[in-house]
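So the structure is just underneath, and the comments pick up after that.
These values consider heavy atoms only, across backbone and side chains, with no hydrogens, waters or symmetry-generated copies.
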Amino acid sequence: MQKRTIQRGRPKGAMTFDVEPALAFGAAVRAARTELGVAQELLAHRAGIERSHMGKIERGEHMPTLALVLKIAKALGCSSADLMLATEALLPKTWQPAAGKT
């Protein structure tokens, strides 16, 4: 069995992201994690990323890729759909995607 390496940082080519969804997603992850009573380090390990990266996701400093969203949801024991619903509920009511983004 080949050992998987832990990816660092954002994916190549990622230039920018909207702050509000990043903050909402991070808050949703943190809420789910604390509800389970799981340490950030353990969640990061289960998702296959570094704890510092998980911290940046929870603080809204990094926007995870779809693959990482799926890994985080699995590590939390929930579906990605449930995680996205929680994220949408935390978005400001006035939030709109930036022009040119859907």
Gap between atom [atom2] of [Y] and atom [atom1] of [X] - 0.5 Å precision:
{"X": "Cys78", "Y": "Leu85", "atom1": "SG", "atom2": "CG", "answer": "10.0 Å"}
{"X": "Met54", "Y": "Leu68", "atom1": "CE", "atom2": "CG", "answer": "6.5 Å"}
{"X": "Glu41", "Y": "Glu50", "atom1": "CD", "atom2": "CD", "answer": "10.5 Å"}
{"X": "Lys71", "Y": "Leu66", "atom1": "NZ", "atom2": "CG", "answer": "11.0 Å"}
{"X": "Ser52", "Y": "Gln40", "atom1": "OG", "atom2": "CD", "answer": "9.0 Å"}
{"X": "Arg59", "Y": "Arg30", "atom1": "CZ", "atom2": "CZ", "answer": "7.5 Å"}

May I ask you to decide if Ala44's main-chain N or O and Arg51's side chain share a donor-acceptor pair within less than 3.5 Å?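 Judged by distance alone, no pair lies under 3.5 Å.
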
Closest approach of [X] to [Y] (non-hydrogen atoms, all atoms of both residues):
{"X": "Pro64", "Y": "Val69", "answer": "CG-CG2, 3.8 Å"}
{"X": "Thr87", "Y": "Pro21", "answer": "CG2-O, 4.1 Å"}
{"X": "Leu43", "Y": "Glu58", "answer": "CD2-OE2, 4.4 Å"}
{"X": "Ala28", "Y": "Leu90", "answer": "N-CD1, 3.6 Å"}

Answer yes or no: is there a side-chain heavy-atom contact under 4.5 Å between Arg46 and Val38?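 Yes. Closest side-chain heavy atoms under 4.5 Å.
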
Side chain to side chain contact (heavy atoms under 4.5 Å, CB included) evaluation trace for Ile57 with Ile72: CA-CA 10 Å; Ile57 290 170; Ile72 291 170; 4.1 Å; yes

Would you say Leu70 ends up clustered with Leu36 if hydrophobic residues are merged whenever their side chains have heavy atoms under 4.5 Å apart, either directly or through other cluster members?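 Unlinked, Leu36 and Leu70 end up in two clusters.
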
Are Met84 and Val29 connected, step by step, through hydrophobic side chains (Ile, Leu, Val, Met, Phe, Trp, Tyr) whose heavy atoms are closer than 4.5 Å? yes

